[in-house]
Amino acid sequence: MSAPRYRIAPSPTGFFHVGGARTALFNWALARREGGTFVLRIEDTDEARDRPEWTQGIIDALAWLGIGADDPTFEGPYFQSANADAHVAAAERLYDAGLAYYCDLTGDEIQARSKESGKPGYGGWSRDRALGPGPGRALRFRVPEGTTVVRDLIRGDVTFDHDAIEDFVLLRGNGRPIFVLANVVDDISMGITHVVRGEEHLPNTPKQQLLWQALGHEPPVWAHVPVLVNESRKKLSKRRDKVALEQYRDEGFVAAAMVNYLMTLGWAPKGDTEIVPWAHVEAEFRLEDVTHSPAFFDIKKLTAFDKEYIKAMDVDEFVAACTPWIPEHVDLSTFRTMAPLLQTRVATLAEAADMVDFLFVDDPTVDEDAWPKAMGADWAPKLLDEVIASFDSVEWAGPVLKDDVERIGGDLGVKPGKAQAPVRMAVTGRSVGPPLYESLEVLGRDETLRRLRAARERIGV
RNA sequence: GCCCCCAUCGUCUAGUGGCCUAGGACACCACCCUUUCAAGGUGGCGGCACGGGUUCGAAUCCCGUUGGGGGUGCCA
């Protein structure tokens, strides 16, 4: 048997759907392991052709996931529209062979007839009228009697009665091919052997299989993966759900985490951990093991995966990954010394710079809601006064500063956890953040004292 | 309406007739640790939709019910 060829056929709509991303990953894993190829075919439309950035967006999104154009496994992108002549030619071949016929009924007429007869849909009105091609006439496929069995690698054999399949349109009245036709013709001409796609395509599969056979080819191996749903178990939609892969990328999710998480939707690696490297996925993933039921795309769990991946990075890797979100005014070497403290604290790469931004601005932005709680205690002014006095001359090292603040707090009858609060608020402007004394060490004596004095002044007497 | 798919903790899943007193992960809760927040550690909560079969034995096989989802255009 020759090398398998997998494909995805996304329609460019301005963003890449996370569900499409998962399907791509499934195909990619298989193609790589089996020494096959992975074909990207854009199901483009007139509108999309005027917007090359949409197609580029898909390519960029795939590249982010690690599905790269520089890998010989990858092929494409191809464009459906480039093959339009072949689609029409195939349709005409079917007409010549008597497997399709022309029909002059309009949509309104079909509806009227359906209403009159009480039977929904197109009733095969023009089947035997022997109409030739002509303006406004659509070419319909003559669905034969019988049944079609779709052999699905995930779902097993699914039987469809032809009675329930209409004589569907191949060419529109204007002569342009319809999606199903184009899809099959392209799959055939590109030598696709495996069609792994979303479950929503399963009901249309018998039509495609019929077309494969009518065109004289053995149908490919089918596999329909469960859809991704939202919290109300509806298919993820652009309108109400966060489905654009690009959005997660821009918010600072780690690509490897996204890849790993997406793979666990409908499939699970053996063992007690779901956090597994791609190499493991590539070696272990089997379509036969894919779940049958829809999966909820859970951002909370994605976030948990992201934290794991961020924690596991080495420092340089982490700093490099954060770079796109680090503003100009941030000193990179200072950021790097703080980095290990951030890695256990941030959920996304974008949060890191923000968490230590107080180190790099003239004055920290004060969280006014948190201020009263941190500064309101009656011992707070006194503590600040003594800390200021002591910090003026104490050795400037984190552990020393810690002992100092805790000693002063202790003298006032305040526990270590509470004692640091006013200092933290004064210096960082917030009640939560990275470890305080390490931050002070990095900030330096002069700036720390300046901020402490400013805060003390704000409290007044 | 018709067709198709699906059904294990809140969520993602393991489970392919005895290993199941149904396992893990995320989330949640509690405690420990602790300079805030995290991280880490320990423990807890929580599920086979329902009803019939088949079988010595069913989460697992069959049938039905209910529930959910998808498809059904001269859309892609």
Side-chain angles (χ1 to χ4, degrees), chain A residues 9-13 43-45 48 80 103 105-107 110-111 118-122 136-140 150 152 154-155 158-161 163-166 168-180 182-183 198-207 224 226-227 229 231-235 261 264-275 289 291-298 300-305 307-308 311 341-347 355 370 374 398 401-402 405-406 409 415-421 423-425 428 430-439:
Chain A
S11 51
T13 49
E43 303 291 295
D44 57 338
T45 59
Q80 173 185 292
C103 173
L105 243 43
T106 65
I110 292 171
Q111 215 162 34
K119 288 180 191 162
Y122 178 73
R137 290 182 180 175
L139 185 69
R140 286 181 179 272
V150 172
D152 188 293
I154 295 173
R155 279 148 219 284
V158 184
T159 306
F160 295 86
D161 199 320
D163 289 347
I165 304 173
E166 303 247 298
F168 54 96
V169 170
L170 261 19
L171 297 178
R172 298 182 179 88
N174 63 11
R176 293 185 56 80
I178 216 93
F179 165 75
V180 201
N183 208 355
E199 187 193 355
E200 68 271 20
H201 292 286
L202 183 54
N204 284 323
T205 307
K207 292 182 189 174
H224 290 89
V227 292
V229 297
E231 58 282 354
S232 41
R233 318 278 336 157
K234 295 271 202 300
K235 196 170 72 164
Y261 175 64
T264 66
L265 260 23
W267 178 76
K270 299 281 178 221
D272 279 352
T273 177
E274 295 175 316
I275 306 281
D289 298 334
T291 313
H292 296 185
S293 49
F296 170 52
F297 185 84
D298 186 357
K300 273 190 172 173
K301 189 156 182 179
L302 201 214
T303 303
F305 273 53
K307 293 180 90 164
E308 289 296 329
K311 261 188 301 181
L341 302 174
L342 302 176
Q343 283 181 261
T344 56
R345 268 160 259 261
V346 297
M355 192 171 276
L401 302 175
K402 175 177 188 288
V405 171
E406 290 180 359
K415 289 190 174 134
K418 294 235 180 209
Q420 56 89 44
V423 180
R424 176 182 293 280
M425 178 54 72
T428 73
R430 302 180 196 174
S431 57
V432 298
L436 180 61
Y437 304 107
E438 289 80 345
S439 302

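Lettering of chains follows the sequences in order, A, B, ..., and the numbering in each one begins at 1.
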Base paired to [N] (Watson-Crick or G-U; both N/O distances under 3.5 angstrom):
| N | answer |
| --- | --- |
| U66(B) | A7(B) |
| C28(B) | G44(B) |
| C2(B) | G71(B) |

Contact class for [X] vs. all strands (heavy atom < 4.0 Å): base, sugar-phosphate, or nothing?
| X | answer |
| --- | --- |
| Thr291(A) | sugar-phosphate |
| Gly198(A) | nothing |
| Gly173(A) | base |
| Leu436(A) | base |
| Pro434(A) | base |
| Asp272(A) | sugar-phosphate |

Is the distance from OP1 or OP2 of [N] to the nearest side-chain N or O of [X] less than 4.0 Å?
| X | N | answer |
| --- | --- | --- |
| Lys415(A) | U35(B) | no |
| Lys301(A) | U11(B) | no |
| Arg140(A) | C74(B) | yes |
| Lys307(A) | A38(B) | no |
| Lys402(A) | U36(B) | no |
| Arg172(A) | C75(B) | yes |

Sticking with atom P, work out how far A14(B) lies from U8(B), rounded to a whole angstrom.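 These two P atoms come out 11 Å apart once rounded.
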
Rounded to whole Å, how long is the line connecting atom [atom1] of [X] with atom [atom2] of [N]?
| X | N | atom1 | atom2 | value |
| --- | --- | --- | --- | --- |
| Lys270(A) | U13(B) | NZ | C1' | 11 Å |
| Lys300(A) | A27(B) | NZ | P | 8 Å |
| Asp152(A) | C5(B) | CG | P | 10 Å |
| Asp161(A) | C5(B) | CG | P | 13 Å |
| Asp298(A) | A25(B) | CG | P | 16 Å |
| His292(A) | G68(B) | NE2 | C1' | 17 Å |
| Lys235(A) | G68(B) | NZ | P | 18 Å |
| Arg233(A) | C12(B) | CZ | C1' | 10 Å |

Among [options], which is the nearest nucleotide to the side chain of [X]?
| X | options | result |
| --- | --- | --- |
| Glu438(A) | U35(B), A14(B), C12(B) | U35(B) |
| Val432(A) | U36(B), G68(B), U13(B) | U36(B) |
| Val227(A) | A39(B), C12(B), G69(B) | G69(B) |
| Phe160(A) | A27(B), C4(B), G71(B) | C4(B) |
| Ser293(A) | A14(B), U8(B), U35(B) | U8(B) |
| Ala304(A) | A27(B), G70(B), U72(B) | A27(B) |
| Pro435(A) | U36(B), C3(B), C74(B) | U36(B) |

Assess whether a salt bridge exists between Glu274(A) and Lys301(A), defined as any Lys/Arg side-chain N lying under 4.0 Å from an Asp/Glu carboxylate O.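 Judged by the 4.0 Å cut-off on N to carboxylate O distance, Glu274(A) and Lys301(A) do form a salt bridge.
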
Distance criterion of 3.5 Å, no angle test: do you see the side chain of Glu274(A) paired donor-to-acceptor with the base of G24(B)?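 Side chain to base: pair present.
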
Base of C37(B) paired with side chain of Arg345(A) (donor-acceptor, under 3.5 Å):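 Counting by modelled atom types and ignoring angles, a donor-acceptor contact under 3.5 Å is found here.
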
Determine the interplanar angle of the His201(A) and Phe179(A) rings, folded into 0 to 90°, and report it as parallel if under 30°, tilted if 30 to 60°, perpendicular if over 60°. tilted

Could you walk me through whether Glu406(A) and Lys415(A) pass salt bridge (charged side-chain N to carboxylate O under 4.0 Å, His left out), step by step? CA-CA 7 Å; Glu406(A) 290 180 359; Lys415(A) 289 190 174 134; over 6 Å; no

Restricting both atoms to N or O, compile the protein contacts to nucleotides 40-51 of chain B shorter than 3.5 Å, with distance only.
from	atom 1	to	atom 2	distance (Å)
G40(B)	OP1	Lys311(A)	NZ	2.7

Do the numbers put Arg140(A) on top of the ring of Tyr122(A), so that NZ or CZ is under 6.0 Å from the six-membered ring centre and no more than 45° off the axis? yes

Spacing of Arg176(A) atom CZ and Leu170(A) atom CG [to the nearest 0.5 Å]: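 CG of Leu170(A) is found 14.5 Å from CZ of Arg176(A).
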
When rounded to the nearest 0.5 angstrom, what distance separates OG1 in Thr205(A) from CG in Asp152(A)?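 Here the interatomic distance stands at 7.5 Å.
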
